[in-house]
Amino acid sequence: MLSSLAQVLLSGLQIGCIYALMALGYFVILRATGILNFAQGEWMMISGVLGVVLIAFGVPYYLALLAAIAGAVLLALAAERAIIRPLQARGAPQPIVLLSLFSTMLVARYGTGVLFGRQDLPLDGPAGSGITIIGEANFIANQTLVVYALTAAAFFGVAIFMTRTWLGRSLRVASIDPLAASLIGVDLTRVRVVSFGLGALIAATCGWLYFPLYAVGYLNGSIPGIKGFIALFVGGMATTMGPLVGGLALGLVEVAASFYLPSIYAEGAAFVLLMIILVAKPSGLTGGKES
């Protein structure tokens with residue numbers, strides 16, 4: 001009983017870290033611009049697909065990893081430049097901006113399927129396929145240790161960036177009052193570019209943590225994208241701790257449900273948790289009084 005509980009905990013924390021990272025990408029963009037970027041899961045997917053293609057062409061592994069992440073980030077910045085910036089320059093209402101991002105998500109998803117095929121393919125993780133035995137009945141994959149380490153580094157880095165640097169504080173000020181921010185010299189265009197780039201960087205890096213555990217395919221960014229969105233609202237947006245708490249809580253609930261409940265019920269665990277949080281504490285687990 002204790003060994004199975006420990007394995008559920010390890011597995012829940014693993015997938016919870018990935019959900020937390022996806023939520024962090026949403027958080028950075030939403031806090032800085034007020035925009036919910038639906039394409040986050042697609043930047044994650046494109047990073048993995050580019051990695052598979054580059055490795056297949058003989059590019060060294062770590063060079064392929066860096067090039068794939070950079071490629072996904074550049075595509076995200078190109079989408080911001082070609083779609084979001086013109087719309088906001090014309091004063092487009094928020095629903096139009098959200099609809100354009102939803103369209104970007106669909107184009108990126110199905111365009112990748114057309115260009116690179118629709119077959120799911122394996123992607124090796126940075127830590128390989130080795131495992132570490134814990135005690136007599138539990139184990140942890142070396143890839144999982146990388147997930148833990150990069151999650152801690154990402155949240156620490158974003159927290160420092162948002163609170164200790166001028167650019168990070170500019171993102172926070174712009175989200176509170178864009179007009180006041182522009183009057184004190186904050187470049188709102190730069191804020192938007194930085195937030196979209198940082199969000200895409202987090203999502204693209206997350207692809208190299210998630211896909212080695214599953215597979216790469218043109219549809220395979222949608223689930224972690226949705227779960228990251230849920231994790232963001234479960235944890236709350238008051239601080240950077242919100243996405244982390246929400247992601248870990250969601251991962252633990254999901255793995256525990258799949259372990260202890262029939263699969264037909266386990267599939268809805270994430271949405272049940274979201275509904276409970278929205279009713280009981282709309283501002284999220286770490287939120288204050290403001291919802």
Listing, residues 199-209 side-chain donor-acceptor contacts under 3.5 Å, not counting sequence neighbours, or none:
from, atom 1, to, atom 2, distance (Å)
Thr205, OG1, Leu201, O, 2.8
Trp208, NE1, Ser47, OG, 3.0

(request) Please answer whether the main-chain N or O of Val114 pairs with a side-chain N or O of Tyr218 as donor and acceptor at a distance below 3.5 Å. (result) no

(request) Just jot down the side chain to side chain contact (heavy atoms under 4.5 Å, CB included) partners of Thr239, sequence neighbours excluded, or say none. (result) Met241

(message) Testing Leu65, Val59, Val49 one by one against Leu54 for a side-chain contact (heavy atoms from CB on, under 4.5 Å), which residue passes?
(response) Val59

(message) Closer than 3.5 angstrom, by distance alone: can the side chain of Asn220 be matched with the main-chain N or O of Ala215 as a donor-acceptor pair?
(response) yes

(message) Which residues pass the side chain to side chain contact (heavy atoms under 4.5 Å, CB included) test with Val253, not counting sequence neighbours?
(response) Ala269, Leu273

(message) Can a donor-acceptor pair be found, under 3.5 Å and without considering hydrogens, that links the side chain of Tyr210 to the backbone of Met44?
(response) no

(request) Indicate yes or no for a side-chain donor-acceptor contact from Tyr62 to the backbone of Pro126 under 3.5 Å, with no hydrogens or angles considered. (result) yes

(message) Holding to side-chain hydrogen bond (donor to acceptor under 3.5 Å, both in side chains), I want the full list of residues that pass it with Ser100, two or more places apart in sequence or in another chain.
(response) none

(request) Verify the neighbour count for atom CZ of Phe156: are there more than 12 heavy atoms of other residues, nucleotides or ligands below 6.0 Å? (result) no

(request) Could you tell me which residues satisfy side chain to side chain contact (heavy atoms under 4.5 Å, CB included) with Leu66, sequence neighbours excluded, listed by chain and number? (result) none

(request) Identify the residue among Ile84, Leu87, Ile96 that makes a side-chain contact (heavy atoms from CB on, under 4.5 Å) with Leu101. (result) Ile84

(message) Using the side chain to side chain contact (heavy atoms under 4.5 Å, CB included) criterion, which residues pair with Phe233? Sequence neighbours excluded.
(response) Phe229, Met237, Leu274

